[in-house]
Every structure is written in C-alpha cells, then in structure tokens.
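In what follows, every chain begins at residue 1, and chains take the letters A, B, ... in the order their sequences are listed.
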There are 2 protein chains.
Amino acid sequence: MTEKKVPIKKAQLEEIIKEFPTPFHLYAEEEIRKNVRRLQAAFSWAPQFKEHFAVKATPNPYILKILREEGCGADCSSLAELIIAEKTGMKGDDIVLTSNVTPFEEYQKARELGAIINIDDISHIPYLEKHAGFSELLSFRYNPGPLRKGGNAIIGEPEEAKYGLTREQIFEAYKTARQKGVCRFGIHTMVISNELDGNYFIETAKMMFDLVVDLYRTLDVRIEYVNLGGGIGIPYRPEEEDVDLELVGKGIKKAYEEKIVANGLHPLKIAMESGRMITGPCGYLVATVLHKKEIYKNYIGLDACMANLMRPAIYGAYHHITVMGKEDWPRDYTYDVTGSLCENNDKFAINRELPKIDIGDLVVIHDTGAHGHAMGFNYNGKLRSAELLLKPDGSVEMIRRAETMDDYFSTLDFSWL
Amino acid sequence: MTEKKVPIKKAQLEEIIKEFPTPFHLYAEEEIRKNVRRLQAAFSWAPQFKEHFAVKATPNPYILKILREEGCGADCSSLAELIIAEKTGMKGDDIVLTSNVTPFEEYQKARELGAIINIDDISHIPYLEKHAGFSELLSFRYNPGPLRKGGNAIIGEPEEAKYGLTREQIFEAYKTARQKGVCRFGIHTMVISNELDGNYFIETAKMMFDLVVDLYRTLDVRIEYVNLGGGIGIPYRPEEEDVDLELVGKGIKKAYEEKIVANGLHPLKIAMESGRMITGPCGYLVATVLHKKEIYKNYIGLDACMANLMRPAIYGAYHHITVMGKEDWPRDYTYDVTGSLCENNDKFAINRELPKIDIGDLVVIHDTGAHGHAMGFNYNGKLRSAELLLKPDGSVEMIRRAETMDDYFSTLDFSWL
C-alpha cells in the first residue's frame, strides 16, 4: 500500500489559488530531493554512481537545478533538452545524449557541450564522425532483442523496439570505434519502462555486466561506464508499492562483485537515467470542479483537461484523485472525472469511487510530476497550464507560466485577413 | 479501392523544400473545395443546408477562409476556436459553440459573436443564463444513450459518452428554456466518429427527425435547426472506400419527407459539422529520410515524428505512405517507419510493405489534413512543423510557420540562472 497524500492543506492551497488560478501542476521540492537521495543511497556502494535525470519527464530548469544540486546529471534525447541542460549549468559528462534517428545538429550540440554521446545505431558511427567528430568517451545503446525475453507493457518486447544495436553490432561497433581512435567507452541499455518489479533491474544489470566482461575478453575493450537506463516504476495505485530500491541496489552489487570485480574490471562506473521515479510522485495537478452532470453516468467536469495530463486518455492510466477537505469522507459516489476537451477519452478517471463532489471543490490528481505537463498538447485550442514549485519552507514559486491565447496563436498570421 | 495520390510531382516538391524545409504538412486547396462541394451537393435538396466545419480538425484561418468562401460556418468547442472563427470574419449563426464542461468565458464570447449556443448539459441552462444570458436560438445536444445501440470504435457507446442530455432531460430542457423566454430552438447530436458506413448517418437523421416530431407533438416546441454532427469517415487505407454521400443524402431526404414534411414541420434546417472528411484527405505530411537502421527489424527514420502526427502512435491508425519518385516501384521491402521521439510508439507505420527506401528520400504520409498538426505536442522537446497551402495555380504559401526553440522555451524563465 502507498499512502496518497497531498503535501499541503486545503487552506494553504486556497491561498495559492488566489495568486495562481487553477489548473496547475504543483511540484514538491522536498519529495524530489528525497527520491534522488533514496536512489543514490541504494547505489552508494558503486564507484561514482550517477543519476542522469531523464529531462523528457519534466523539462523545467528549476527542477533540473534542484537535481543538479543533488549531484544529478541530465539524460537528453533532443536538441531542446541539451539546451535546457546547458542553461542549467550542466556540461561535460553531466550530460548524456541518448537519441534515436539523431539529426546531426544534436550531435554537434552534444560535442560542443562535451556530453557523453550514446549512439543508437551502428550506422551513426560514420555519421557522427562526418558531422561532429567523436567525443572522448563514446557509448553505444544495446538492444538485446530476443536474447532478453519479457519486456513490459510500455516499452514492449526488445526485438520490437526501435532502439539500440544488436549483440553482433555492439561488438562490431566497439571494434570500429577503436580503429577510428576512440579510446574511452561506455555502454547503455533501456529495456523496460514503468516497472515495479525490482528483479527486472537486477537482471538487466547482470546482462550488462556479462556483456562488459565479454567485450573485454573478446575485444580487449575496457568499458568504464555502464548506463542501466531508467524504467523504475512508481505506485500510481494506492494498492501498489514502491520498487524496493535497497533490494535492487544489493542485487546489483552482488552481480557487480561476481561479474565485474571477479573479472578484474573494477572500477566500473554505474549510471541510471530515471525520470518517473524521481519527480513522478512529487507532482500534483490541481483543478477546480466547474460542472457536475448526471446522465447515463455521473460526471465531474474539471477546469483541467487532457492537455494537462495525457496518460489517462492515451494509456488508460490510473492517477489517484484527492478531493481537498474531503480526504476522510466515505468514497460512496461513483464518478467519471472529465476535462472539457472535445474528445470522449478526455477523462481523468472512469467509474472512480470518490466522496460526494460539489461544484467549486478543489481536486488534486496525483503523480503528475513526470510525463505530465511535458506531454501536453494544444488540441482543441486548449492551453497548457503553469507549473509551481512548493519549496521546503512552504512557499510557492511559479516555475513555468501558463500559456496564453497569444502563445496559442503565435505561429499563425492573421494580418492578411 | 481509393487511389492514394500525391497532388504534386517529386520535382515540384523538391523545389518547395528549397524554401520550406521538411517536415511540413501540405494542404491541397482544390481538394478541400471539392470535398465541401461534394457534401453540399448531397444535401442540395435540404432547406438551407449548412456545413459547420469542425475547427478542431484543422484550426488554421487560411483553411477556414477557404471554407467560408464555400459557404461553410464553424463548429467551435473552445474559446480559442471561437476566436479563430471570429478572426476569419464569421459571426452570428455561421458559428456554433458545442463545448462540454463549458467555462462561462466561452458562453460570453459566443454571445458576443451571436453564435448558436449548443448546450451540453441541462445544468448549463441556469449557468448560461447567469453568466451570459440566452442567445436567440438555443440548441441542445442529445445523447440517446442506450436508446441508440452500436456506437463505433472512436466515440464508443453513447451511454459511455460524456456528452449531451438524455431523452428525458431534452424534453425538460426545452420546456425550461421556453419558460425563460427562449423562442427559437435547435437540436444537435454526435454519436459516431470516423465512420465509413453511410447507413449510420441515415439512422442518426431518422432518430433526430423522430425527436423533432416528438418535441413538437409533446411540447409544441418547433425545432427549426437540426445538427446531425459529423463523424463521416475517410478511407485511410487504399482498400477502403469513401462514404457514398449521395446515398446518405438521398436516405436522409427520404426520412425528411416521411417524418418532417409529412408532419408539417417543413422547413427544417439541416446542419452538419464535418471536419475529417473535408480536410483529412487533402493533407500530406512531407518528411525526409534521415537514417536507415537494420537490427531485429528494418527501420526508416524520418525527420518528422509523432509531434507532427499522433494518430498512428496513439490509435495505431493506418496512414498510407508514398515514397516520392518510387510510386511505381515494387513494394518488396518491409519497414517500420519511425520518428525520432524517444518513445517506442513513435512509428508512422509498422511492418509496412514499401519500395526500397534510401537516405534522403522524400516520404509523404497521407490523410494528415484533419487531427494531424492540430493534435501535435512538444513532448521530448520536439517542435511542431509548418503548414503549407498548395493553391489551385500550383503555387505554395506558408499558412503557419514552424515552431522555433524560442517558442518551445517561451513559458520558461531562464533569467534567474
């Protein structure tokens, strides 16, 4: 069980709303810091463990700054994300570029920043060489394909994933890169997403450690950096549990000793690129009830919509809902909680048991801190909301303004009309 | 069978690309005009038939201007869409507001424009009265619920849809509105989406005509305007066929005579709010092949991604693909055609049989003229593309500029860093 609590009281939220009207995402800084530290503690045994936060999850410089203070780097997979990392003061091996179908502009920007370049395909070796030249440390993304059975629902089976190099290609790639003068190497994989079973991460580490040993034995290539990817899930549902990171850390440590240390390959830097587990549970989408509707079902209509949070509409994902001030009321009503977007899948919850809701109630949708605001669109002319930061001292700062109509129309020309 | 043709030759496209780099959506004006006329011809028998284009599908003032020239109005479901319609010169009953969980700002704007207000819920009668007052002609959206069996895949079963009033509520609503002094009435429904079987539309019309008769008999309410919604599908797959609009028009005419004329309720204005069938087939997403990749499958990587077209990733929707200059080549290669977004579902096609593709090839993705650019997001820092209009004289005009990094960062503040 995971307790789904809102980090502030109703009265405080009402104060915030006087200044910042709903809807908005509220991120709790203290919870973010706690999550990073929990991950780092699980890997405190590892030589120079580094978490590269997956910028995609919450591409906001205020959030990145907090994470940088906690010793994190950035996992970037686009030019825009490289720029955000740069503006936050990151450089060099703080930054990893893991992108696919990579345009050369991204490689050039990564080279300019001195970032670790993690190559997605063997054909990118000459492409990178031609357009940007090699970075000192080159990494390749491994896709085990059918060698690794049982991906999970979001990322699918590895052999159906567009990412990475095959085992055969990985060996070829290091050989080629070395011939071209590269002398420092990393390796990366990412085979699961939003996974709650810690064993998956241990299995992934074992697979990668074996590969590191094989590369050393076969090619005499000494990998100095292994990036185990992200994919640590979060308990969106109250009946789910956090991944036991301590257990994961211990399991990976054991594999490290048996495979890396025993083969004389210590030290090997371990990195991860978690996004969801760091910020996901620390984000709260706050909305106001605009309308109630009773037809064939009972509907609660919010001033937020799927433009603010796409996961329920796209994936049918569960996000817990708290009605502020009614936390202890019996959940004896059943509602569909909807947004106003003109699509029937614009529902934050379907057949959800909740306390009796009234117009004007403040509703908090949990776990929106990753892949929440970031995935929003402007379909149906809907505007993306503001992002607010709840600081440890209880104060609130706006860290992204809400979009305006002018933003929405900014790429259009009306002057000819 | 539907022939999937690109309206320009490869050489012309190459000229366009010199000025406007890929990716972009290209809309063929002539095809758009042809589609509207086809719909209008099918209803030429109807008293003052009006197509209110569903702005959501392609919210671009250049497109709306073309449609206005063809006699269309606008179907708006948000404040932004009302503003686009206004800027395009529409007003009064050119504009219908059909929104749900409607904030009062939308009602006020609709009143200011003199738009037809189509109410989604019975509780909005006092809400509208309080915040904006009644428009001269008031319309209600009907949701037949279990009375209408068999919705289709996209909109679902009517009783699961968040939209509209129940049959009981519809009667109550007209009674209440009349008591409050409203004297002109319309009625609306929208029970299907992207449907290729013309019989659905005839059945919907019959249902609505029956309701118009019942309202007259029971309440002496004379409906003067019936909006049959949209939902006319398009043949995304070459093996599919256009809806036979002539047949639909004839079927609805027969029902009109049997139900409306026979009961002395002629003339009854008929309106529709098609989006997809008007602009969908007239839009082409043009992209360049950046990379080819061979791992467990063969991948073609484009410079477009799901930020430009979400339907394949979200719905698994089929969009036909033409490789320019290779229209007549044998389709003897099988590819996944992907974008560069860091999500494995960023694929425009999976296991698609295509001619041999080379890096640099121009690829055209068909049927992107509706719910294409409009649904795009900025996830992973991806930018939305330009929109171009292909005019009847063969010239091309940019009708929306591509987003820039400045647009992407516009809601962020970096000055404190």
Practice task
Is it possible for you to check whether A:Lys162 lies under 6.0 Å from the centre of the six-membered ring of B:Tyr299, through NZ or CZ, and within 45° of that ring's axis?
Solution key: no
Where does [X] contact chain A at under 4.5 Å (heavy atoms): side chain, backbone, both or neither?
X        : answer
B:Met310 : side chain
B:Ile295 : both
B:Asp303 : neither
B:Lys292 : backbone
B:Ile300 : neither
B:Met375 : both
B:Ser99  : neither
B:Ile122 : neither
B:Ile399 : backbone

Handout entry: Under-4.0 Å salt bridge between B:Asp407 and B:Arg401
Key = yes
Exercise for the section: Look at the side chain of A:Tyr296 and the backbone N and O of B:Asn143, then say whether any donor-acceptor pair between them is shorter than 3.5 Å. Expected result: yes
Practice task
Over 60° means perpendicular and under 30° means parallel, so classify the ring planes of A:His291 and B:His124, tilted if in between.
Solution key: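 Because their plane-to-plane angle is under 30°, the rings of B:His124 and A:His291 count as parallel.
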Exercise for the section: Look at the rings of A:Phe104 and A:His131 and say which category their plane angle falls in: under 30° parallel, 30 to 60° tilted, over 60° perpendicular. Expected result: parallel
Greatest number of heavy atom pairs closer than 4.5 Å to chain A - which of [options]:
options                               : value
B:Asn345, B:Ile84, B:Leu165           : B:Ile84
B:Asn60, B:Thr102, B:Asp336           : B:Thr102
B:Gly376, B:Ala402, B:Cys342, B:Ala54 : B:Cys342

Handout entry: Polar side chain donor-acceptor pair, A:Glu387 to A:Tyr62, under 3.5 angstrom
Key =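 A:Glu387 vs A:Tyr62: no donor-acceptor pair found between side chains.
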Exercise for the section: State, without any angle test, whether B:Arg384 and A:Asn378 hold a side-chain donor-acceptor pair at a distance under 3.5 Å. Expected result: yes
Handout entry: Most chain B-contacting option - heavy-atom pairs closer than 4.5 Å, from A:Ile314, A:Thr88, A:Leu79, A:Leu341
Key =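 If we count pairs closer than 4.5 Å to chain B, A:Leu341 comes out on top.
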Handout entry: Heavy-atom pair count under 4.5 Å with chain B, highest-scoring of A:Asp346, A:Val55, A:Thr98, A:Leu383
Key = A:Asp346
Exercise for the section: Would you check if B:Thr189 and B:Tyr163 make a side-chain contact, meaning some heavy-atom pair closer than 4.5 Å? Expected result: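 With C-beta onward as the side chain, the pair stays apart.
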Problem - CA sep, side-chain torsions, deciding dist, call: B:Asn308, B:Lys382, side chain to side chain donor-acceptor pair (under 3.5 Å) - result: CA-CA 9 Å; B:Asn308 308 114; B:Lys382 299 297 177 185; over 6 Å; no
